There are 2 protein chains.
Amino acid sequence: MADRLSPTSYVVLGTIALRGPSTSYDLKRAVGRSIGYFWHFPHAQLYSEPQRLAELGLLEAETETEGRRRRTYRLTEEGRAELKAWLAEPTPEHFQMRDIAELKLFFNEVGEPGDVARLAREQVAAHRERIAVYEDMQARYADLDAVAKRMITLRLGLEMEHAALRFWSSLLDEVADGIDETA
Amino acid sequence: MADRLSPTSYVVLGTIALRGPSTSYDLKRAVGRSIGYFWHFPHAQLYSEPQRLAELGLLEAETETEGRRRRTYRLTEEGRAELKAWLAEPTPEHFQMRDIAELKLFFNEVGEPGDVARLAREQVAAHRERIAVYEDMQARYADLDAVAKRMITLRLGLEMEHAALRFWSSLLDEVADGIDETA
DNA sequence: TGCCATACCGTCCGAAGCAGACGGTATGCA
DNA sequence: TGCATACCGTCTGCTTCGGACGGTATGGCA
């Protein structure tokens with residue numbers, strides 16, 4: 001059913017399934033605090049996508065009449081069914097990376113000698129910082145049963161961050177021997 | 001200089017810098033064999049983007065008159081300068097992940113009990129397969145000095161794949177105890 | 001009570017990204 | 001000669017994207 005939905009669609013459906021009836025603004029904040037860490041969605045889509053889903057009958061909209069023209073969306077039975085079908089079906093696509101740093105590293109032959117070291121240093125710092133953020137979240141929500149099941153993706157995020165950190169650190173070691181020791 | 005280029009622009013610029021003068025078709029194949037593994041570009045853009053870059057003076061186009069209307073692009077001085085400036089400048093963005101499997105995992109509460117195990121099994125297989133591909137590439141080009149510098153990104157790719165494999169394997173262990181042992 | 005600053009919230013638009021259909025060209029082999 | 005297949009480029013319609021913009025509620029201070 002339903003033409004074929006995009007990942008964005010399922011983020012909307014799924015977030016509403018987890019939180020209950022929500023406005024676009026609610027979605028925006030919820031996504032910003034969770035999925036947004038590994039998959040970026042421009043907030044404009046969290047306004048347009050629910051409208052589309054409502055037209056498809058997967059969501060039900062209720063518009064406030066006074067004050068802000070705020071719209072609250074709730075899941076329909078069809079919406080929940082669509083979401084569950086998606087969760088149950090195979091996932092053929094391999095993940096994609098979108099890492100500007102990796103791109104730069106690939107073309108490093110074209111650049112100047114110091115470039116790689118500078119890049120590596122930056123990346124080490126960035127990944128360390130991100131790891132701190134994740135560990136903080138993990139600690140904060142450690143014993144909140146309500147979100148325990150969601151927090152599991154944090155572990156994946158941490159694995160990835162550590163892998164990246166390991167890579168850039170060792171690259172830095174290899175490359176920083178002697179040359180360009182300046183911060 | 002130049003409004004501000006997209007990652008796609010730098011992929012085109014960079015690939016031409018590495019390979020020398022190229023047609024869009026050349027770019028398509030070269031990208032498919034390298035960067036395409038971690039960052040997907042639809043081939044149509046490898047036709048339109050060089051045209052834009054030529055208008056900006058970063059590339060120089062030469063069109064064949066007979067047979068196929070093939071266009072060969074070569075880097076201008078401005079193009080090389082732009083590329084080198086990009087390589088030298090800081091990289092503020094953190095990588096993005098786009099992993100459908102991670103999305104499904106995040107919403108697993110909504111699904112049925114067997115879903116996570118099935119997902120994990122799939123992912124383990126997929127990452128193992130990808131690791132095999134990468135290791136094969138690594139072995140094949142191990143002693144080709146010409147591409148050694150590019151192959152370093154493969155190491156990063158492998159680190160990432162291993163991290164993902166570790167995560168999904170251990171998740172599978174945790175979740176597959178007793179329930180749903182069917183392939 | 002009126003005014004301002006600031007957070008809150010939603011819409012719009014132009015540009016870029018994207019998938020894939022389509023159509024034309026060269027090559028090889030029956 | 002004719003067909004199959006690989007090679008190569010273009011086009012179209014749609015979605016995604018970033019960010020500017022504009023309106024609305026709240027609280028504090030004059």
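Order of the sequence lines sets the chain letters (A, B, ...), proteins ahead of strands, with each chain counted from 1. Because the structure is a prediction, the values reported are computed rather than measured.
Looking at Arg29(A) and Tyr25(A), their side chains never bring a donor and an acceptor atom within 3.5 Å of each other.
The pair Arg52(B)-Glu49(B) meets the salt-bridge criterion, with a side-chain N (NZ, NE, NH1 or NH2) lying under 4.0 Å from an Asp/Glu carboxylate O.
Residues from residues 15-34 of chain B that place a heavy atom under 4.0 Å from any atom of DNA chain D, listed by number: Tyr25(B).
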Q: For each nucleotide in nucleotides 11-18 of chain D, reading 5' to 3', give B when a protein heavy atom comes within less than 4.0 Å of its base, S when such contact involves only the sugar-phosphate, and - otherwise.
A: B----SSB
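Not one side-chain nitrogen or oxygen of Arg70(B) sits closer than 4.0 Å to the OP1 or OP2 atom of dG24(C). The phosphate of dT10(D) has neither OP1 nor OP2 within less than 4.0 Å of any side-chain N or O from Tyr47(B).
Each of Leu59(A), Leu13(A), Leu58(A), Thr15(A) was checked for a side-chain contact (heavy atoms from CB on, under 4.5 Å) with Pro50(A), and the lone residue meeting it is Leu59(A).
dA16(C) atom C1' lies 14 Å from atom CG of Leu46(B), rounded to whole Å.
Contact annotation: the side chain of Arg71(B) never approaches that of Glu62(B) to less than 4.5 Å [non-hydrogen atoms, C-beta and beyond].
Relative ring orientation between His43(A) and Tyr47(A) is described as perpendicular, the plane-to-plane angle rising above 60° on a 0-90° scale split at 30° and 60°. Note: Tyr10(B) and Trp86(B) have parallel aromatic rings, judged against thresholds of 30 and 60 degrees for the angle between ring planes.
Residue Arg80(A) qualifies as open at atom CZ: its count of foreign heavy atoms under 6.0 Å is 12 or below. The number of heavy atoms from other shown groups lying within 6.0 Å of CD (Glu129(B)) does not exceed 12.
Each end of the helix from dT1(C)-dA30(D) to dA30(C)-dT1(D) gets its own rotation axis from five pairs of C1' atoms, and the angle between them is 10° to the nearest 10 degrees.
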